[in-house]
S.K.: 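Would you mind keeping the following structure in view while I ask a few things?
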Amino acid sequence: MAAGAAQGLGEGGGGRGFLGPRVPAEVEAMARGVQDVGKETFRRLLKVTVNALEGKDCRESVRLIAESANLSEEQLAFLISGMYTLLREALRLPLSTFKQEVFKEDLKELRIPEDFIVDFSSVVFGNRRPSSEGTALVQRSRLPSLQDFKWRVDVAISTSSLARALQPSILMMMKLSDGTAHRFEVPVAKFQELRYNVALILKEMNDLEKRSVLKIQD
């Protein structure tokens with residue numbers, strides 16, 4: 001499945017790669033609604049969306065657009081949320097593997113007007129990318145990361161139910177970036193299962209890296 005998604009991303013087909021296998025509902029709604037929006041209004045909405053990605057307060061700007069463009073609150077919500085999701089997903093991708101031509105083709109499949117595709121591209125691949133890219137990535141939900149990991153092999157000589165056990169197990173301790181520490185015991189059978197699955201994932205990652213679509217071109 002991962003390989004299919006990567007191939008779609010590189011070739012610009014097969015399900016609009018950069019948005020994933022299923023286009024978010026808010027992006028589809030935006031793509032339909034934006035066809036009835038004038039170019040000036042679209043650019044004002046795009047500016048508001050970029051400001052939102054940069055963490056700025058955009059409530060006053062949205063109110064002014066609603067008054068001057070004669071758009072309902074529901075229409076504005078569809079347009080801005082769809083533009084926000086589209087740009088956020090695009091800004092998460094490294095420019096070394098995500099090409100402007102692919103991005104434009106994906107937006108054409110959504111039937112977004114050509115002039116608006118150019119404006120979207122100027123945000124994702126233009127001078128405004130660094131500031132909005134940083135905020136879009138930092139603000140997303142994240143789980144704590146692993147900071148330290150320790151382990152040791154322990155052998156239980158006896159237990160409350162057996163006089164003589166001599167069963168080895170692996171004791172593990174993880175320290176996370178949020179300051180918490182977790183200690184747990186892993187039976188040998190489960191450890192072998194974990195080792196096998198990690199090796200399988202590493203093999204799949206290696207196979208993906210060998211695909212020409214994922215190779216960085218000079």
Side-chain angles (χ1 to χ4, degrees), residues 1-2 4-95 97-142:
M1 183 173 179
Q7 186 173 2
L9 173 62
E11 296 176 357
R16 304 176 185 116
F18 85 94
L19 288 169
R22 178 176 297 177
V23 178
E26 63 269 27
V27 175
E28 289 188 329
M30 179 274 296
R32 291 192 299 268
V34 82
Q35 298 179 25
D36 300 323
V37 173
K39 189 171 184 178
E40 180 182 351
T41 300
F42 172 81
R43 287 185 169 176
R44 294 174 66 187
L45 289 170
L46 184 61
K47 183 177 180 180
V48 165
T49 305
V50 172
N51 287 340
L53 284 166
E54 294 174 344
K56 298 176 182 178
D57 188 345
C58 304
R59 287 173 292 184
E60 181 63 19
S61 299
V62 172
R63 185 186 67 80
L64 292 174
I65 294 174
E67 292 178 354
S68 61
N70 194 27
L71 292 172
S72 67
E73 291 185 4
E74 184 179 13
Q75 287 175 306
L76 280 174
F78 279 130
L79 291 170
I80 294 175
S81 64
M83 293 167 74
Y84 185 97
T85 299
L86 187 150
L87 289 175
R88 182 192 62 198
E89 295 304 313
L91 290 169
R92 288 178 177 177
L93 300 173
L95 292 177
T97 56
F98 187 42
K99 303 304 180 184
Q100 188 169 358
E101 294 76 14
V102 174
F103 177 71
K104 289 182 176 180
E105 285 299 320
D106 289 343
L107 297 195
K108 284 180 181 178
E109 289 188 20
L110 291 169
R111 300 185 185 278
I112 293 176
E114 183 68 32
D115 288 346
F116 298 168
I117 292 176
V118 173
D119 289 336
F120 274 126
S121 297
S122 69
V123 174
V124 177
F125 299 94
N127 295 331
R128 297 207 67 175
R129 179 181 174 91
S131 58
S132 43
E133 177 189 32
T135 307
L137 294 177
V138 169
Q139 287 183 343
R140 67 181 175 178
S141 298
R142 289 173 179 249

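Residues take their numbers from the sequence shown, with the count starting at 1.
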S.K.: Do you know the tightest heavy-atom contact between Cys58 and Ala52?
M.R.: SG-N, 3.5 Å
S.K.: Is Lys108 paired with Glu105 through a side-chain N to carboxylate O contact shorter than 4.0 Å?
M.R.: yes
S.K.: Let me confirm one number: the OG1-CG distance from Thr49 to Leu86, rounded to the nearest 0.5 Å.
M.R.: 10.0 Å
S.K.: Quick one: side-chain hydrogen bond (donor to acceptor under 3.5 Å, both in side chains) partners of Glu73, sequence neighbours excluded?
M.R.: none
S.K.: Using a strict threshold of under 4.0 Å (side-chain N to carboxylate O), is an ion pair present between Glu40 and Arg44?
M.R.: no
S.K.: At what distance, to the nearest 0.5 angstrom, does CZ of Phe18 lie from CG of Leu91?
M.R.: 9.5 Å
S.K.: Name the atoms and distances for all side-chain donor-acceptor pairs under 3.5 Å in residues 110-121, with sequence neighbours left out.
M.R.:
unit_1, atom_1, unit_2, atom_2, d
Asp119, OD1, Arg43, NH2, 3.4
Asp119, OD2, Arg43, NE, 3.0
Ser121, OG, Ile117, O, 2.9

S.K.: How far does NZ of Lys99 sit from CG of Leu93, to the nearest 0.5 angstrom?
M.R.: 12.0 Å
S.K.: Is any side-chain heavy atom of Leu87 closer than 4.5 Å to one of Leu46?
M.R.: yes
S.K.: What's the separation between atom CG in Leu45 and atom CD1 in Ile65, rounded to the nearest 0.5 Å?
M.R.: 4.5 Å
S.K.: Locate the shortest heavy-atom distance separating Leu79 from Val34; write the atom from each residue and the value.
M.R.: CD2-N, 3.7 Å
S.K.: Rounded to the nearest 0.5 Å, what's the gap from CD on Gln35 to CE on Met30? Could you check?
M.R.: 10.5 Å
S.K.: For Gln75 and Leu71, which heavy atoms make the closest approach, and how far apart are they?
M.R.: OE1-CA, 3.5 Å
S.K.: Can you establish whether the number of heavy atoms outside Glu74 located under 6.0 Å from its atom CD is more than 12?
M.R.: no
S.K.: How far does NZ of Lys47 sit from CE of Met83, to the nearest 0.5 angstrom?
M.R.: 13.0 Å
S.K.: Taking the six-membered ring for Trp, are Phe125 and Phe103 parallel (under 30°), tilted (30 to 60°) or perpendicular (over 60°)?
M.R.: perpendicular
S.K.: Do Glu26 and Ser81 get their side chains close enough for a donor-acceptor pair, meaning under 3.5 Å?
M.R.: no
S.K.: Could you please spell out the steps behind the salt bridge (charged side-chain N to carboxylate O under 4.0 Å, His left out) verdict for Lys104 and Glu101?
M.R.: CA-CA 5 Å; Lys104 289 182 176 180; Glu101 294 76 14; over 6 Å; no
